[in-house]
Each structure stands twice: as C-alpha cells, then as structure tokens.
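Below: the structure, in structure tokens.
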Amino acid sequence: MVTLFLLILAGFVLLIAGADFIVKSSVAMANKLKIPPLIVGLTVVAFGTSAPEFVVSLTSALEGAEGLVLGNVVGSNIANILLILGSSVLIYPIYFDRRAFFRDYGFLLLVTLVFVCFALTGVFVFWMGVVMLLMLAAFIVLNYLSARNKAGGEYVSAWDHKSWPFVIVAAVLGSSAIVYGADLLVDGAVGIAKAFGVSAEIIGLTVIAVGTSLPELATSCVAAWRKQNDLAVGNVLGSNIWNIVFIMGAAAAVTDVEVPAQFVRYDIWVMLAATLLLLLSVWRRAYLGRIYGALFVICYIAYLTSQVLIARGLV
C-alpha cells in the first residue's frame, strides 16, 4: 500500500513539472507562429494532455474492458468541465473571446450529442469510429483556417526568446512527463481502488477518469495562475473534443465497444448536462467568476458521491 501512495506522489510531481513546461512552450509556439494561444490550447496542448486517456482507452478496448473505455472518456469529460475548469476559475476568474469560445463550444456540443446518440445504440462500431475521426480532422482544419487570419502574441512566455529546437524539446519533455506522471497516478489509484472491490465501470468513471484528467487539471490551473485564460479554456474544450472524436473514435475503429447499462441510464446524461451547464454559465458574457467555479466543483463532488452510492448499491 505504501508503494501505491509513493507512485501517486511521484505522479503529482511529474504532472506539475510537465504542465509548467507545456504552458511555457505552447505560449512560446503561439507567439512564434503569430497565432492565438486559444488555438494552441485547442490542438497541441489538448492532444498532449489527452494522451493518457488515449493510451488507457485503447489498451482497455483491445483487452475487452468496455467499462474502462467508456468510463475513461465520459468521466474525463465530466471532470474536465466541473473539476478542472471549476478549479481553474477558483484560482483566477476567466475572461475569454466570446466569438472564439462559442465557435469551439458549438463543436464540442455537436460531438457530445453525436456521442450520446451513438451510445444509445448500445455499441460503438467501426463506422461510428470513422465518423468521429473525420469530425476530428474537420476540427483541426477549421481551427487552422481560423488561426491564419488572427494575430498572436497575446501573452508573454519566459521562453519567447528561446530557439525553436529548445521549445519543441521542452514541449515533448512536458508531454512525456504528464503522460508518465498520469500513468503512475492511475497505477497507484487503481491498485488502491481494487483493494476495496470497486467495479471496472466505477473505476473508469472516477479513479481513472480523474487520474487521466490530472494533466488537464495541472495545465489549466498553471495557465490560470499565470493568467493565460484562453489557454486554460482552450485546453478544457479541446481535450473534451479530442476525448470523444479521437480517443473514442480510435477505440471504436479498432474494435466494437459495448456500452454498459449504467452509462445509458445515467453517466452520458451527466456529461451532457455538464456541457450544457458551461453554456448557461457564459451565456450573457464571456466571463467565468469564482461563484461558477465553486458551483462546478460542488457539482463534481455530488457526482462522485453518486458513484459511491451506486457502487454500494444504494441507488
């Protein structure tokens, strides 16, 4: 048991260091390429911080652990909005570009609705995976076209003066650190969870979802601390999009993924509700204050509580 806790501690250290590298290098990239940090957050950073979900989900799909696959994607998306974005807002209120936000949020809502419709069929099959991967390609192309006509340089990075090789190596090292750190955290947390006899679905929705979302948590919180708000928001929106269309799309393209009954009854609707809650929170103005941050975190605590009750057969 002590070894498991040491794994978790080591994972935290790697996540924090990796997140700092990712934020500095991604902002430096944005400034060098003259594109907005929001675009970098939606693509480069979102992909890097979604790597743990991808590795865990693809491995679980190949091993036939559908509960872990769906739990990882659904649970991570819920955690990204309620826990990660909520925690970031508690650190520092977030202001963002309204037009850019609603464009990318609209795409997130679209892929979330597609995901829910596919899940209601009871199984993700090959053609569904292809559809989601094509949506990912469209997302990347649209963001590239949008970025071409916008100026960058909104934020200053300590590494703006560094050479391209330095920035690229730093980004790779940062991504590697958060992936390996998340892996250590998941190994330790899953070991502890299994000791208490928790089901694969519950582990996927809670322990693994939170563990693989820690890169997003670390990156967004560091970005919020540095007052680089667009990067924090873009990381969450982008990661949720990548989780659905890339991670779930790749898993479904490789093998059929059956949907456990609990997800159809409850969890996919919580994911959709969290996505809509974000929309309601910023409907009037492009701003998220600490009140909404607290509300998001409280909602996530309530969701975790409901999973404990489900695990104990009380609901």
**Request:** With sequence neighbours excluded, tell me which residues meet side-chain contact (heavy atoms from CB on, under 4.5 Å) with L9.
**Result:** none
**Message:** Let me confirm one number: the OG-CG distance from S239 to L85, rounded to the nearest 0.5 Å.
**Reply:** 11.0 Å
Extract all donor-acceptor atom pairs below 3.5 Å that involve side chains of residues 166-174 and protein atoms in other chains or at least two apart in sequence.
none

**Prompt:** Cluster partners of F126, using ILVMFWY side-chain heavy atoms under 4.5 angstrom, listed by chain and number?
**Reply:** V130, L134
**Message:** By the side chain to side chain donor-acceptor pair (under 3.5 Å) test, which pairs, at least two apart or in different chains, include something from residues 293-303?
**Reply:** D267-Y303, Y303-Q307
**Item:** Set of residues satisfying side-chain contact (heavy atoms from CB on, under 4.5 Å) with respect to I298, sequence neighbours excluded
**Value:** none
**The single option from V111, V116, L109 passing side-chain contact (heavy atoms from CB on, under 4.5 Å) against L113** = L109
**Prompt:** Does L110 have any side-chain contact (heavy atoms from CB on, under 4.5 Å) partners at least two apart in sequence or in another chain, and if so, which?
**Reply:** V114, M135
**Message:** Does any part of the side chain of F296, heavy atoms only, come nearer than 4.5 Å to the side chain of L278, both counted from C-beta?
**Reply:** yes
**Request:** Output yes when a side-chain donor or acceptor of R290 lies under 3.5 Å from a complementary backbone atom of P93, and no otherwise.
**Result:** no
**Message:** Using side-chain contact (heavy atoms from CB on, under 4.5 Å), reason through V245 and L133 one step at a time and then give a plain yes or no.
**Reply:** CA-CA 5 Å; V245 294; L133 290 175; over 6 Å; no
**Item:** F139, F102, F101 screened by ring-ring contact (aromatic ring centres under 6.0 Å, His included) with F107, the one that passes
**Value:** F139
